[in-house]
Amino acid sequence: MNETRPKQSNFIRDIVDADLESGKHLNIITRFPPEPNGYLHIGHAKSICLNFDTAEEKGGECHLRFDDTNPEKEEEEFIEAIKADVAWLGYSWGEHLYHASNYFDQLYQFAVELIQNGKAYVEDLTAEEIRTYRGTLTTPGKESPCRDRSIEDNLDLFERMRAGEFGNGEHVLRARIDMSSPNLNMRDPVLYRIRHANHPMTGDRWSIYPMYDFTHSLSDAIEGITHSLCTLEFEDHRPLYDWCIENVSAPSRPRQIEFSRLNLEYTVMSKRLLTQLVDQQQVEGWDDPRLPTLVGLRRRGFTPESIRLFINRVGVTKKDHTIQMSLLENSAREVLDQTTPRRLAVLDPIKVIIDNYPDGQSELLDAINHPNFPERGSRKIPFSKEIWIERADFMEEAPKKFFRLSPGREVRLRFAYLITCKEITKDSEGKIVTIHCDHDPASRGGNAPDGRKVKGTIHWVCAQHAVEATVRLYDRLFQVAHPLADPAEGFGQRLNPDSLKIIRNCKLEPGLEESAPESRFQFERLGYFCSDRHDHTPEHPVFNRIVPLRDSWSKIEKATPVKKK
RNA sequence: UGGGGUGUAGCCAAGAGGCCCAAGGCACCGGAUUUUGAUUCCGGCAUUCCCAGGUUCGAAUCCUGGCACCCCAGCCA
């Protein structure tokens with residue numbers, strides 16, 4: 001696709017380039033460090049693309065490292081799901097798959113080193129007391145009575161913490177930095193806590209687990225990460241990140257650089273909120289196509305290319321931002337337009353009978369697979385006396401600009417004939433049941449020999465050969481662009497009740513039912529659709545709408561003064 | 001009343017003293033082509049860069065002072 005186009009530059013690439021040029025680094029190493037406590041979403045995709053692309057462009061490497069230091073929240077299921085998502089997005093970590101838990105022994109030694117140098121101590125205070133001692137944003141903290149414990153005692157206590165002699169919460173290892181620092185992270189932060197829990201990777205080998213700041217900085221150093229890219233909320237942690245590395249015999253000195261996280265309108269990106277939506281069954285699981293999770297977007301039908309294109313268009317800066325859905329949708333359309341074969345499908349069918357077409361006759365018509373790429377061939381589609389067309393393509397009293405079917409008007413059936421509406425039949429309630437038309441037998445293929453111009457072209461499916469299908473139409477998850485704008489109201493109230501519409505008796509062009517799950521098509525004049533990767537079968541075809549086509553008619557329609565019903 | 005950040009069009013985003021009466025994308029508005037009211041194609045869309053002063057021949061870019069918004073008081077990451 002446009003992947004050959006150079007990636008948009010950003011301030012991080014500039015830093016990396018400068019470090020290469022100055023000789024500070026000969027090789028660039030980055031990392032994507034997810035915690036396996038949930039599924040990845042499109043915000044993570046930003047980090048994944050940034051880390052992998054930056055490294056790759058510079059001929060370096062990018063590690064996939066699970067930040068698995070909190071066994072109570074982390075699960076094997078998430079580890080596997082994350083690996084699958086990163087791979088699906090198109091990135092490979094090669095040999096470089098790591099877990100922070102791989103370094104637990106080494107990390108323990110670093111902690112001992114800190115204690116030996118009088119830079120860490122074992123705390124007796126309770127969590128509650130530690131919080132009180134920490135002070136507030138505007139007032140300094142107070143030093144713990146344990147702060148000046150002897151090195152020997154600290155070493156002994158820490159060893160016993162490791163040995164499992166104490167219960168959860170009885171002790172903690174703290175860095176000895178500065179209780180009056182204006183940066184709360186530097187007020188003797190906790191480095192290790194006691195947690196008698198089973199870890200997905202290390203089982204019950206450990207009863208103490210290192211905290212994020214200590215683990216992350218030193219894991220980066222151990223792996224020789226040159227540029228440790230993270231989101232803005234860690235900016236305050238950078239002094240601690242540096243402190244850990246500087247006060248221990250760390251093998252390298254990575255540099256942390258922060259960028260702003262991705263926000264998207266009409267959805268939420270926090271793992272906590274997504275988990276809540278899933279747990280409360282507001283959606284049908286982590287891969288619900290309405291969710292911004294990678295598995296959700298995948299199931300909806302988005303391609304990895306379109307997500308990468310989108311991420312590239314978003315850019316990387318330190319400014320808080322919320323991207324409009326249209327940017328994502330357009331990125332999808334751009335890829336899908338080029339790659340997707342065209343097919344005919346009628347979602348809201350109404351019957352058309354071609355009165356002057358011979359009873360019992362049917363024929364096969366040529367339909368091109370992609371009008372802009374004739375080399376992709378064509379297929380044969382059946383046509384006979386009765387066909388389905390879209391209900392919205394007929395209007396009993398139509399405005400002048402309505403180029404579709406209406407009494408007395410002529411329209412083109414795509415790839416087939418010109419037809420003229422002769423009469424309509426209605427049921428007792430006045431609802432249109434059948435439309436009767438005549439066709440021009442000389443217009444086979446769609447053009448009349450006399451060269452008369454017919455402005456409108458509509459899609460259709462032969463009634464006799466139509467394949468019945470379920471189609472799911474998705475819309476934005478929330479009714480408001482910024483669901484979290486006013487936390488006073490619960491965000492659950494703002495869910496869009498019409499985010500999912502299931503249509504059951506759609507008529508598809510034959511053949512579509514045979515497509516493999518996760519096959520994408522453009523249903524002409526409607527949008528891009530993808531066969532559901534779980535539910536689609538030849539017996540019961542199920543298609544998800546990825547994104548509708550751009551629709552300038554709806555704009556005209558809205559702008560035109562309203563007719564009677 | 002603490003610390004750390006950020007402010008360029010509706011949404012993103014280039015820009016690092018003169019080439020800026022400010023790239024590019026999305027959105028939007030025209031118009032051309034079209035057997036998808038799609039695609040494609042052309043054209044339009046900030047005399048102005050949060051505000052106010054200042055420095056300079058010259059400032060979005062430098063200085064000073066404001067203002068607005070975001071993050072931080074987990075033994076989460």
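Here is the naming used below: chain letters follow the sequence lines, and residue numbers restart at 1 for every chain.
Searching all strands for a Watson-Crick or G-U wobble partner of B:U64 with both distances below 3.5 Å returns B:A52.
Taking 4.0 Å as the cut-off between side-chain N and carboxylate O, A:R261 and A:E233 count as a salt-bridged pair. For A:E390 and A:R404, the salt-bridge test fails: no basic side-chain N is under 4.0 Å from an acidic carboxylate O. Residues A:R149 and A:D124 are paired through a salt bridge, judged by an N-O separation under 4.0 Å between the basic side chain and the carboxylate.
Applying the 4.0 Å criterion to OP1 and OP2 of B:C71, one finds that A:R238 has every side-chain N and O outside that range. A close approach under 4.0 Å does occur between a side-chain nitrogen or oxygen of A:H321 and OP1 or OP2 of B:A13. Contact check, A:K319 against B:A13: a side-chain N or O comes under 4.0 Å of OP1 or OP2. Considering only side-chain N and O atoms, A:T322 lies nowhere under 4.0 angstrom from the phosphate OP1 or OP2 of B:C11. Side-chain N/O atoms of A:R525 include one lying less than 4.0 angstrom from OP1 or OP2 on B:G37. Between B:U36 and A:R412, no contact under 4.0 Å exists linking OP1 or OP2 to a side-chain N or O. Checking the phosphate oxygens (OP1, OP2) of B:A77, a side-chain nitrogen or oxygen of A:T69 falls inside 4.0 Å. Under 4.0 angstrom from either OP1 or OP2 of B:A73 there lies no side-chain N or O belonging to A:N185. OP1 and OP2 of B:C71 both lie 4.0 Å or more from every side-chain N or O belonging to A:K318. Listed pair A:R193 / B:A77 meets the phosphate criterion, a side-chain N or O lying under 4.0 Å from OP1 or OP2. Applying the 4.0 Å criterion to OP1 and OP2 of B:C26, one finds that A:R333 has every side-chain N and O outside that range.
Here the C1' atom of nucleotide B:G25 and the CZ atom of A:R308 are 19 Å apart, to the nearest Å. Look at CH2 on A:W553: it is 16 Å from C1' on B:A38, rounded to the nearest Å. Distance, A:N369 CG to B:U36 P: 16 Å, rounded to whole Å. Atom NZ of A:K558 is separated from atom C1' of B:C28 by 14 Å (rounded to the nearest Å). Per the geometry, CG belonging to A:D236 stands 8 Å off P belonging to B:G5, to the nearest Å. If you measure from atom CZ of A:F373 to atom P of B:U40, you get 10 Å, rounded to the nearest angstrom. Rounded to whole Å, the distance from CZ on A:R261 to C1' on B:A77 is 10 Å. In this structure, the CG atom of A:L327 is 12 Å from the C1' atom of B:G24, given to the nearest Å.
Regarding the sugar-base torsion, B:G15 falls in the anti class, its angle being beyond 90° of 0.
Rounded to a whole angstrom, the distance from the C1' atom of B:A16 to that of B:C71 is 27 Å. Taking atom C1' on both B:A32 and B:G25, the two are 23 Å apart, rounded to the nearest angstrom. Here the separation of B:G15 from B:G24, taken at their P atoms, is 14 Å to the nearest Å. On the P atoms, B:A68 is 36 Å away from B:C26, given to the nearest whole Å. Rounded to whole Å, the separation between the C1' atoms of B:G44 and B:U6 comes to 32 Å. Rounded to a whole angstrom, the distance from the P atom of B:A59 to that of B:U55 is 12 Å.
Candidate nucleotides B:G74, B:G10, B:A38 were compared by shortest atom distance to the side chain of A:Q324, and B:G10 ranks first. Picking from B:C75, B:A13, B:A73 the nucleotide with the shortest atom distance to the side chain of A:V172 gives B:C75. Closest approach to the A:K401 side chain among B:C76, B:U36, B:G37 is made by B:G37 (side chain taken as heavy atoms from C-beta onward). Closest contact between the side chain of A:P182 and the listed nucleotides B:G3, B:C76, B:U36 involves B:G3. Of the listed nucleotides (B:G4, B:C72, B:A77), B:G4 has the atom at the smallest distance from the side chain of A:E235. Considering only the side chain of A:R414, B:U36 comes nearest among B:C76, B:A73, B:U36. Distance from the side chain of A:T457 is smallest to B:G37 among B:C72, B:G7, B:G37. Among the nucleotides B:A73, B:A14, B:A77, the one closest to the side chain of A:T317 is B:A14.
Using a 4.0 Å heavy-atom distance criterion, A:R187 is classed as making no nucleic acid contact. Residue contacts shown for A:D67 are limited to sugar-phosphate atoms, with no base heavy atom under 4.0 Å away. Across all strands shown, A:P371 has heavy atoms under 4.0 Å from base atoms, whether or not it also approaches the sugar-phosphate. Across all strands, A:I194 comes closer than 4.0 Å to no nucleic acid atom at all (heavy-atom distances). Looking at heavy-atom distances under 4.0 Å, A:R131 makes contact with sugar-phosphate atoms alone, never a base. Contact annotation for A:L173: no contact, since no heavy-atom pair falls under 4.0 Å across all strands. Nucleic acid contact class of A:F415 (heavy atoms, under 4.0 Å, all strands): base. Counting non-hydrogen atoms under 4.0 angstrom, A:N447 reaches a base of the nucleic acid. Residue contacts shown for A:F402 include a base, since a base heavy atom lies under 4.0 Å away.
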*Should A:F158 and A:Y108 be marked as a ring pair (Phe, Tyr, Trp, His ring centres under 6.0 Å) after you check the CA-CA gap, both sets of side-chain angles, and the distance that decides it?*
CA-CA 10 Å; A:F158 188 48; A:Y108 181 83; 4.8 Å; yes

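Residues A:D220 and A:Y241 have side chains that bring a donor and an acceptor to within less than 3.5 angstrom of each other. Side-chain contact annotation: A:D213 with A:H237, donor-acceptor N/O pair under 3.5 Å present.
Ring geometry for A:Y98 against A:Y103 counts as tilted: the plane angle lies between 30° and 60°, on a 0 to 90° scale.
A side-chain contact (heavy atoms from CB on, under 4.5 Å) with A:L264 is found for exactly one of A:V314, A:L328, A:L327, A:T322, namely A:L328.
Between A:A111 and A:Y192 the shortest heavy-atom distance is CB-CE1, 3.7 Å.
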